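Inspection log for the structure reproduced underneath, given as structure tokens.
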There are 2 protein chains.
Amino acid sequence: MTPRRQQILDIAADLFAQRGFHGVSVADLGAACGISGPALYKHFPSKDAVLAEMLVSISEELLTVGRRRAEAAGSPTAAVEALIEWHIEFALAHRALIVVQDRDWSSLADDAREQVRALQREYVDVWAAELRRVHPDLTLDRARAMTHVAFGLINSTPHSGLLPDDQMHGLLHDMALGALVAPA
Amino acid sequence: MTPRRQQILDIAADLFAQRGFHGVSVADLGAACGISGPALYKHFPSKDAVLAEMLVSISEELLTVGRRRAEAAGSPTAAVEALIEWHIEFALAHRALIVVQDRDWSSLADDAREQVRALQREYVDVWAAELRRVHPDLTLDRARAMTHVAFGLINSTPHSGLLPDDQMHGLLHDMALGALVAPA
DNA sequence: GGCCAAGGTTAGCGCCCGCTAACCGCGGTC
DNA sequence: GACCGCGGTTAGCGGGCGCTAACCTTGGCC
């Protein structure tokens, strides 16, 4: 990955998060990178391709690291906690990507959207499987629904910013644990 | 409110939720209402005004009903539970509005955006005040952060749809309670 | 029955967008 | 030292957008 490509992806994440995919023109994005407009097409085939690469790559990272950490855990409860830790870590480190992922997901081209959906479903099922080990009487659909709710909980991070990151980390950890493990 | 105005607001909520504010043209919106394009301007001064009226009115409803129900509760814990109930009820009944509210909020004109922000801050503070009565050692900022997290939890509703509404209601109730009340 | 307001229609303007075309300077290679 | 590809430039096209203008039909009212 050339540094310019990475710079474009990073800056695009911030701009898309602030103003939405359709609210950022290629001229805006170029200008924010210190180049201007059409120069983007030396690095990406289209504006949509920028969004697609951004969202596919983070979906892959969430899945592969999440799966690895869940496998490394010693018990189902430890696995759930590891998944919570990982997701919080990621969400705090990549606030902009979290916002773009669930706001502009629908602006993806059909094939990229399906790719992202498939990766997300796999990631959800990693969580759901561990939850069902912790709560054996849990339906698969109910476990998936709980996972979506937990994502909503953790992904709320970018909308608040009232607390410093380390305090926010602890708060999210406690609340996610309370929501997922305590009540059953 | 004339029925046509209300119809436009209802249909606009669905379309904006599916494709985003900038992804829906006035021609699209008109066509979905059975009229065509510029006829919208007989009912609203601009496309932005449709979004503004939508978001301001739901922010007002969340605040006034939430405040009323919290006051009617017999204890701080009951007040938190009443707020959770109210928010879940609203989110399940108005999934589209929930999506639009936190996706297209940034597309509002400056004055409407400030109006919505102010209403939301007041609503958050209704929650935060009750949380501090339940957990007396809670900082105001921490209570506000917990409220944002709880909103993220409950507002995840539109993204799942795996469970029928009544089961989803119960699940959200239990998880929100576990996140807000159990761990302290 | 004439009038007016309400709520539609179509035509079209001006603007901005994504993207292409054509051109250019420069660093590396034989 | 000629050559070439990489990464940049500006000009401009085609299309879709929000919105206005001008006009038409209908229903209620004195």
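Residue numbers begin at 1 in each chain, while the letters A, B, ... track the order of the sequences. Hydrogens, waters and symmetry mates are skipped; everything else that's a heavy atom, side chains included, is used. Computed from a predicted structure; not experimentally measured.
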field: Candidate pair D165(B) and R95(B), rule salt bridge (charged side-chain N to carboxylate O under 4.0 Å, His left out), full reasoning
entry: CA-CA 11 Å; D165(B) 276 12; R95(B) 289 175 146 92; 3.2 Å; yes

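- Sorted by first and then second residue, the side-chain hydrogen bond (donor to acceptor under 3.5 Å, both in side chains) pairs with a member in residues 63-73 of chain A read R67(A)-E122(A), R69(A)-E89(A); sequence neighbours excluded.
- Near DNA chain C, defined here as any heavy-atom distance below 4.0 Å, there are no residues from residues 102-113 of chain A.
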task: Using Watson-Crick or G-U wobble pairs with both distances under 3.5 Å, give me DNA chain D in dot-bracket, 5' to 3', with [ ] for crossers and | for pairs to another strand.
output: ||||||||||||||||||||||||||||||

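- Taking every heavy atom of residues 24-34 of chain B and every atom of DNA chain D, pairs under 4.0 Å involve V24(B), S25(B), V26(B), by number.
- Using modelled atom types, one side-chain atom of H94(B) and one backbone atom of F90(B) make a donor-acceptor pair closer than 3.5 Å.
- A side-chain hydrogen bond (donor to acceptor under 3.5 Å, both in side chains) check over residues 21-32 of chain A, counting only residues at least two apart or in different chains, returns the pairs R19(A)-D28(A), H22(A)-S107(A), S25(A)-D28(A).
- Among residue pairs with one or both ends in residues 47-60 of chain B, those qualifying as salt bridge (Lys or Arg N to Asp or Glu O under 4.0 Å) are R5(B)-E53(B); sequence neighbours excluded.
- Follow the hydrophobic side-chain contacts under 4.5 Å out from L171(B) and you reach V80(B) in the same cluster.
- Under 4.0 Å is where a charged nitrogen must lie from a carboxylate oxygen, and between D137(B) and R142(B) no such pair does.
- Residue pairs that meet the side-chain hydrogen bond (donor to acceptor under 3.5 Å, both in side chains) test with at least one member in residues 151-163 of chain B, sequence neighbours left out, are H87(B)-N155(B).
- In this model, a donor atom of one side chain and an acceptor atom of the other lie less than 3.5 Å apart for D10(B) and Q6(B).
- Residues I84(A) and M168(A) share a single hydrophobic cluster, defined by chaining ILVMFWY side chains whose heavy atoms lie under 4.5 Å apart.
- Of the residues in residues 35-49 of chain B, those placing a heavy atom less than 4.0 Å from an atom of DNA chain D are P38(B), Y41(B), S46(B), K47(B), in numerical order.
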Listed pairs under 3.5 Å, donor-acceptor, residues 108-119 of chain A side chains, sequence neighbours left out:
from: D110(A); atom 1: OD1; to: R113(A); atom 2: NH2; distance (Å): 3.0
from: R113(A); atom 1: NH1; to: L108(A); atom 2: O; distance (Å): 2.8

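- Summarising the geometry of G30(B) relative to L40(B), their closest heavy-atom pair is N-CD1, 4.1 Å, with the distance given to 0.1 Å.
- For residues 26-49 of chain B, no pair satisfies ring-ring contact (aromatic ring centres under 6.0 Å, His included), with sequence neighbours left out.
- Ring geometry, Y123(B) versus F151(B): the interplanar angle falls under 30°, so the pair is classed parallel (tilted spans 30 to 60°).
- Residues satisfying the side chain to side chain contact (heavy atoms under 4.5 Å, CB included) test with A78(A), not counting sequence neighbours, are A73(A), S75(A).
- Close approach of DNA chain C to chain B, defined as any atom under 4.0 Å from a non-hydrogen atom of the protein, starts and stops at dG7(C) to dA11(C).
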